[in-house]
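Values below: all heavy atoms of this structure, side chains included; hydrogens, waters and symmetry mates excluded. Every chain is numbered from 1, with letters handed out A, B, ... down the list of sequences.
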Number of protein chains: 2
Amino acid sequence: MIKIADVARAAQVSPSTVSRALTKPDLVAPETRERVLQAARQLGYQPNKLARGLRKQQSRLLGLIVSDILAPFHATLAKGVQDAAEKHGYMVFLFNSDEQPEKEARYLQELQSHWPEGLLIVPTAKTRQHLRNLRSAGSMPIIELDRTSGTPGVHAVLVENVLGAREAVEHLISLGHRRIGMVTGEPVITTAQERLEGYRQALKAAGIALDERLVANGYHKEEGGYAATLQLLRLPAPERPTALFVGNSEMAAGAVQAIRDLGLRIPEDISLVSFDDTRWAQLMEPALTVVAQPAYEIGYLACETLVSLLRQKAPAEGRILRLKTRLLIRHSTARPRED
Amino acid sequence: MIKIADVARAAQVSPSTVSRALTKPDLVAPETRERVLQAARQLGYQPNKLARGLRKQQSRLLGLIVSDILAPFHATLAKGVQDAAEKHGYMVFLFNSDEQPEKEARYLQELQSHWPEGLLIVPTAKTRQHLRNLRSAGSMPIIELDRTSGTPGVHAVLVENVLGAREAVEHLISLGHRRIGMVTGEPVITTAQERLEGYRQALKAAGIALDERLVANGYHKEEGGYAATLQLLRLPAPERPTALFVGNSEMAAGAVQAIRDLGLRIPEDISLVSFDDTRWAQLMEPALTVVAQPAYEIGYLACETLVSLLRQKAPAEGRILRLKTRLLIRHSTARPRED
DNA sequence: TTGTAAGCGTTATCAT
DNA sequence: ATGATAACGCTTACAA
């Protein structure tokens with residue numbers, strides 16, 4: 001690889017002049033500058049970011065840990081982050097915790113040794129203690145996405161989960177449903193808590209008593225959603241729900257399969273609405289009614305926030321941003337059967 | 001951040017001893033070693049990978065450029081790469097070229113400055129010349145995934161595209177179809193060429209003449225697939241295809257929508273088979289017949305190959321690995337209408 | 001305006 | 001077995 005010394009030799013100047021010509025052009029005579037730039041171009045010089053980072057004590061690196069890169073929501077989130085990072089000259093190290101706290105801890109350590117200037121993370125159940133154990137955590141701005149770990153001082157970009165869930169359930173109620181089941185995520189995750197709260201609020205506002213048997217944990221995953229749905233729909237007839245609200249798209253995929261495996265039809269036998277819009281939700285028959293989240297915007301905004309935090313040296317106090325969701329009514333929700 | 005000097009002071013030894021205790025434990029007395037390790041643990045020491053990389057002239061970094069991170073195929077590919085990389089102690093820089101050669105060129109440069117030890121890439125149309133312009137390209141092993149740019153000396157992990165496409169089209173032919181359309185990707189991309197070739201071979205083997213009007217370019221994207229499908233299905237009745245073979249899942253999503261917008265039913269009015277298995281292909285009604293690719297395995301295997309190349313210093317000559325595809329017959333393909 | 005020299009944190013070499 | 005020293009490539013006082 002070409003280094004500064006090579007360019008310096010070619011341009012007949014000292015290494016410092018090359019460095020200046022490249023990074024602070026106005027500090028060097030126009031004529032020399034031209035000579036240096038030309039030599040650099042000719043040789044195909046690329047500054048070594050390791051050396052530069054070491055010397056300047058800054059890596060221009062951001063860490064991003066999502067909890068499920070295969071889920072469209074997270075992939076889109078990551079794209080938003082990357083696009084924003086690129087705009088500001090940052091590189092992104094992307095990791096995938098798979099919702100496993102141990103993986104998260106490992107990646108956090110690995111990441112730390114690369115001296116990232118900031119961290120974006122979709123927290124898992126143990127993130128709070130992981131961050132507490134991290135030496136660098138105090139000095140580095142951290143932004144949480146989608147959910148929050150409750151770590152003091154961290155920033156977060158989330159959506160209006162309570163409101164979004166409430167609107168979804170109110171939609172079901174307005175269609176005439178009274179027995180509405182919910183497939184929720186793990187209760188330690190804030191999105192699960194908040195969406196459950198929205199479900200509760202909607203029921204309460206409509207004067208419908210909460211039946212704990214109608215709430216089942218799907219652990220954020222497809223298989224969990226399948227099992228939870230089976231459990232809910234196998235309740236004896238009088239208790240069985242006529243509509244289901246599902247906490248995310250992974251579990252919704254499981255729910256759809258469970259419903260089909262039971263030989264039930266959507267929406268004639270059971271209405272279905274879930275969080276997250278995805279391609280399959282649009283293409284399935286009938287198209288799924290969903291609470292759409294602005295995934296790309298969450299990622300982009302979070303990264304913009306992080307960069308602006310990095311610019312102003314003062315460590316701003318943790319702020320939480322909440323973006324709006326949109327209820328997209330399609331064809332998986334209808335009036336309950338009269339019988 | 002804690003550095004070696006801090007640990008050295010705490011353990012009452014020199015920095016060199018700390019370094020040795022951490023990386024070559026057998027070169028240091030058991031007793032001293034214990035003291036150092038303890039101090040390191042206590043202080044939460046993490047080696048600075050920038051400094052280490054600079055000194056050892058190796059970054060333990062791999063670059064990965066995919067062409068569409070939002071497509072499940074690429075996301076899965078990336079996961080395979082990351083899992084394999086992690087196993088061997090490598091970090092992965094993930095980029096997304098969006099099929100845009102300019103983006104690819106930018107990322108390649110950016111990547112280069114971070115001194116990756118190897119590169120994994122899903123090439124775009126201009127990758128060959130980009131790699132030629134890269135100073136580091138000669139010294140660094142490169143593996144291409146999914147497609148190949150034809151760059152001399154690079155390795156590649158691909159699938160049996162010709163065979164996979166041929167099986168899909170033969171399946172349609174065996175159902176009685178004679179007028180089979182194909183929505184293909186950009187002709188400069190090798191997967192598009194090979195899948196088209198498989199289509200041609202299947203037709204030829206069945207004694208069906210190739211009709212160029214039945215082949216339309218969908219540019220690998222959903223919108224392109226939509227437009228191409230519309231074009232094919234608007235042919236006058238005698239020429240109109242009774243079945244469609246689509247080159248990837250993005251275009252297939254567009255095809256499904258075009259078919260629906262035309263008020264046609266799958267498979268009664270038109271049979272559909274595409275490359276790539278996805279969740280929506282499984283959940284849509286009727287479930288889509290597809291040529292499934294082992295995306296995770298491609299990524300994992302490519303990364304394993306890269307790492308083994310890194311281990312053996314000798315620059316092995318370019319080898320191409322081809323994995324098998326599987327035709328999954330579901331419900332989107334049936335006999336053509338009799339009329 | 002340009003050059004010299006020191007230093008970022010680590011490890012390899014050479015002494016001891 | 002351990003320590004001193006130099007070097008990786010870059011930037012930045014400071015000197016000229």
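- In this structure, CG on Leu306(B) lies 9.5 Å from CD1 on Ile142(B), to the nearest 0.5 angstrom.
- The distance between atom CZ of Arg55(B) and atom P of dA7(D), rounded to the nearest whole Å, is 9 Å.
- Applying the 6.0 Å contact sphere to NZ of Lys126(B) captures no more than 12 heavy atoms from other residues, nucleotides or ligands.
- Looking at which nucleotide of DNA chain C each of Ala51(A) and Ser19(B) is closest to, the 5′-most match is held by Ala51(A).
- Rounded to a whole Å, the CD atom of Gln58(B) is 16 Å from the P atom of dC8(D).
- Distance, Lys56(B) NZ to dT10(C) P: 13 Å, rounded to whole Å.
- Within 4.0 Å (heavy atoms only), Lys24(B) reaches sugar-phosphate atoms of the nucleic acid but no base atom.
- Rounded to whole Å, atom P of dA6(D) lies 17 Å from atom CG of Leu54(B).
- Taking atom CG on Asn48(B) and atom P on dC10(D), their separation rounds to 17 Å, with Å as the unit.
- Counting any heavy atom pair closer than 4.0 Å across all strands shown, Leu27(A) reaches a base atom.
- Between the side chain of Arg322(A) and the backbone N or O of Leu158(A) there is no donor-acceptor pair closer than 3.5 Å.
- Note: Phe95(A) and Phe93(A) have tilted aromatic rings, judged against thresholds of 30 and 60 degrees for the angle between ring planes.
- Arg20(A) has its CZ atom 8 Å from the P atom of dT2(C), to the nearest Å.
- Going from atom NZ of Lys3(B) over to atom P of dC8(C) covers 6 Å, rounded to whole Å.
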